[in-house]
Amino acid sequence: LFDKNTVRGSQFQLPLMEFSGACEGCGETPYVKLLTQMFGERMVVANATGCSSIWGGSAPANPYTVNPITGRGPAWANSLFEDNAQFGLGIAMGLKQRRAAYANAVRSIVNNPEGPGSPLLRNALEEWLQVMDNGLLCSQAVKNLTPILEAEATAPGAAGALQYLHTMSKDMLEKPSTWIIGGDGWAYDIGFGGLDHVLASGEDVNILVLDTEMYSNTGGQRSKSTPLGAVVKFAAGGKNRSKKDLAMLAMETYGQDVYVASVCLEANYGQVMKAFAEAEAHKGVSLLVAYAPCVMQGISEGMGCSMNDARAAVDAGYWPLYRYTPMTDLPSTTDEEGFVHLQQHGKLTLDSKKLKGNLEDFLKKENRFNILTRKNAQVAGELHHHLQDDIDTRQAKLKKMADDSK
């Protein structure tokens, strides 16, 4: 009745992640739970070491589960801090090779009218071939194909080719949805080299960065995602360097074929749904950077009110919301000599066009900024002023990018 890629429709889908054991009010778990509601039965997750690997897979408990009707659910694996991006890319490449081999086996049947299988089966297999790389359409084709294939492959005297399709690689019928997931310590710092390698690969993988703006799992140390003026371990006097803008870096370096989004679930549910659906549908690398409130940030109202804090971050422009569609997903032109020309710019949709909050009001809500104000108000004021300048500069740049891509 409802499209599951909408806010309303997603809530009618069974979550395939439950009882995570994460901290109260954790900002990471809602994103992953939502992913399982949208793509859970065909999800393959490569999870970097960090908070998400602790609440996501500490023995003997595991929060990921299966649909009790179909018996399908996310396939999850954890790798090291420094190589998770490569680990996830390797998984994606392996799945790609297996599906290509399966598709070749299907073609050998479809293209041989005198071979095994009924015309009904060959038609269903041909329909699957046409949509095998589209997650939503492929799922529907699989529903139509599975009972026909099962009936003919299990019949007495069934050809070996049909038995292969039914038994050996049947899990390749559904299009896998590969997600590389980790925190900012992995994505911005220790695993950035591997992340850059994946961004440059052009392969069909999705990257979700759960950004708490520090090394939350190891006690709240400074990362390159930590903002100006925040007091964390290894930045006791307030961080005096601007935050690394991972999403902007990806757009400016790999904007030809990489989908990029900056999202905040607590501030705009619909924007997150659109970003997840667009990223998964994109035939290439997708990077989603998600704001995740954390107990280590010292939210004054408590983690039970972390949603209010996240909304304030977006209202003040501290965390921008946008979606970037790369050039390869936009209409192209062909010249007289037959060469295809992409558009000069990708399309940026700025979902937080108007800033309606005050930065200082937001900063006062978090102890990581208040500590420096109490200790050295002059230094705190200077750093907060520079932070406001950075926000204004970034917002102006995003507006210009959005206007240029209309």
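As the structure is a computational prediction, the values presented were derived from the model and not from experiment.
Using bins of under 30°, 30° to 60° and over 60° for the plane-to-plane angle, the ring pair Tyr291/Trp319 lands in the tilted bin. Between Phe12 and Phe2, the ring planes are parallel. Angles under 30° get that label, and only those over 60° would be called perpendicular.
The main-chain N or O of Gly202 is never found under 3.5 Å from a side-chain atom of Asp257 such that the two would form a donor-acceptor pair. With Tyr64 contributing its side chain and Trp76 its backbone, the two residues share no donor-acceptor pair below 3.5 Å. One N or O on the side chain of Tyr31 and one on the backbone of Leu265 form a donor-acceptor pair closer than 3.5 Å. Side-chain atoms of Ser286 never come within 3.5 Å of backbone atoms of Asn206 as a donor-acceptor pair (strictly under, hydrogens ignored). The closest donor-acceptor contact from the side chain of Gln395 to the backbone of Ser352 lies under 3.5 Å. Panel note: side chain Asp211, backbone Val289; no donor-acceptor pair is recorded below 3.5 Å. Remark: the backbone N or O of Lys4 is not paired with any side-chain donor or acceptor of Ser10 at under 3.5 angstrom. Checked by atom type and distance alone, the side chain of Tyr102 pairs as donor or acceptor with a backbone atom of Leu165 at under 3.5 Å.
Minimum interatomic distance between Gly237 and Leu372 (heavy atoms only, all atoms of both residues): O-CD1, 3.5 Å. The minimum heavy-atom distance between Met17 and Thr65, with the atom names listed, is N-CG2, 4.5 Å. Across all non-hydrogen atoms, the minimal contact from Gly182 to Ala48 is CA-CB, 3.9 Å. The two residues Val285 and Ser201 come nearest to each other via the heavy atoms CG2-OG, 3.8 Å.
Rounding to the nearest 0.5 Å places CG of Asn308 at 9.5 Å from CD1 of Ile299. Note that the CD1 atom of Ile181 and the CG atom of Asn84 stand 9.0 Å from one another [nearest 0.5 Å]. Rounded to the nearest 0.5 angstrom, Thr253 OG1 and Met248 CE are separated by 11.0 Å. Atoms CG and CD1, from Asn104 and Ile109 in turn, are 12.0 Å apart once rounded to the nearest 0.5 Å. Distance check, rounded to the nearest 0.5 Å: CE of Met132 to CE of Met172 gives 10.0 Å. The distance from the CG atom of Asp83 to the CH2 atom of Trp186 is 10.5 Å, given to the nearest 0.5 Å.
Considering Lys175, Lys96, Arg99 as possible partners of Asp204, the one that fulfils the salt bridge (charged side-chain N to carboxylate O under 4.0 Å, His left out) test is Lys175. Results of the salt bridge (charged side-chain N to carboxylate O under 4.0 Å, His left out) test with Asp189 over Lys244, Arg222, Lys224 single out Lys224 as the only residue that passes.
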**Study point:** Thr325/Glu278 under side-chain hydrogen bond (donor to acceptor under 3.5 Å, both in side chains): CA gap, chis, key distance, verdict
**Key:** CA-CA 9 Å; Thr325 304; Glu278 291 169 358; 5.0 Å; no
Exercise for review: Please assess Glu41 against Thr70 for the test side-chain hydrogen bond (donor to acceptor under 3.5 Å, both in side chains), listing each intermediate value before the final yes or no.
Suggested key: CA-CA 9 Å; Glu41 292 191 36; Thr70 64; 2.9 Å; yes
**Study point:** Stepwise side-chain contact (heavy atoms from CB on, under 4.5 Å) check, Val263 with Gln271
**Key:** CA-CA 7 Å; Val263 301; Gln271 191 250 0; 3.5 Å; yes
**Study point:** Chi angles and distances behind the side-chain hydrogen bond (donor to acceptor under 3.5 Å, both in side chains) call for Ser53, Thr49
**Key:** CA-CA 5 Å; Ser53 74; Thr49 296; 4.6 Å; no
**Study point:** Derivation and outcome, side-chain contact (heavy atoms from CB on, under 4.5 Å), residues Tyr215 and Val232
**Key:** CA-CA 9 Å; Tyr215 285 83; Val232 293; over 6 Å; no
**Study point:** Chi angles and distances behind the side-chain contact (heavy atoms from CB on, under 4.5 Å) call for Arg323, Lys347
**Key:** CA-CA 8 Å; Arg323 292 167 288 129; Lys347 180 182 179 181; over 6 Å; no
Exercise for review: Would you please test Thr373 and His384 for side-chain contact (heavy atoms from CB on, under 4.5 Å) and show each step?
Suggested key: CA-CA 10 Å; Thr373 302; His384 294 176; 3.7 Å; yes
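Using modelled atom types and a 3.5 Å distance limit, the side chains of Glu280 and Trp179 yield no donor-acceptor pair.
Crowding of Lys243 atom NZ: a count of heavy atoms from other residues, nucleotides or ligands under 6.0 Å exceeding 12. Sparse packing is recorded around NZ of Lys400, with 12 or fewer heavy atoms of other residues, nucleotides or ligands lying under 6.0 Å away.
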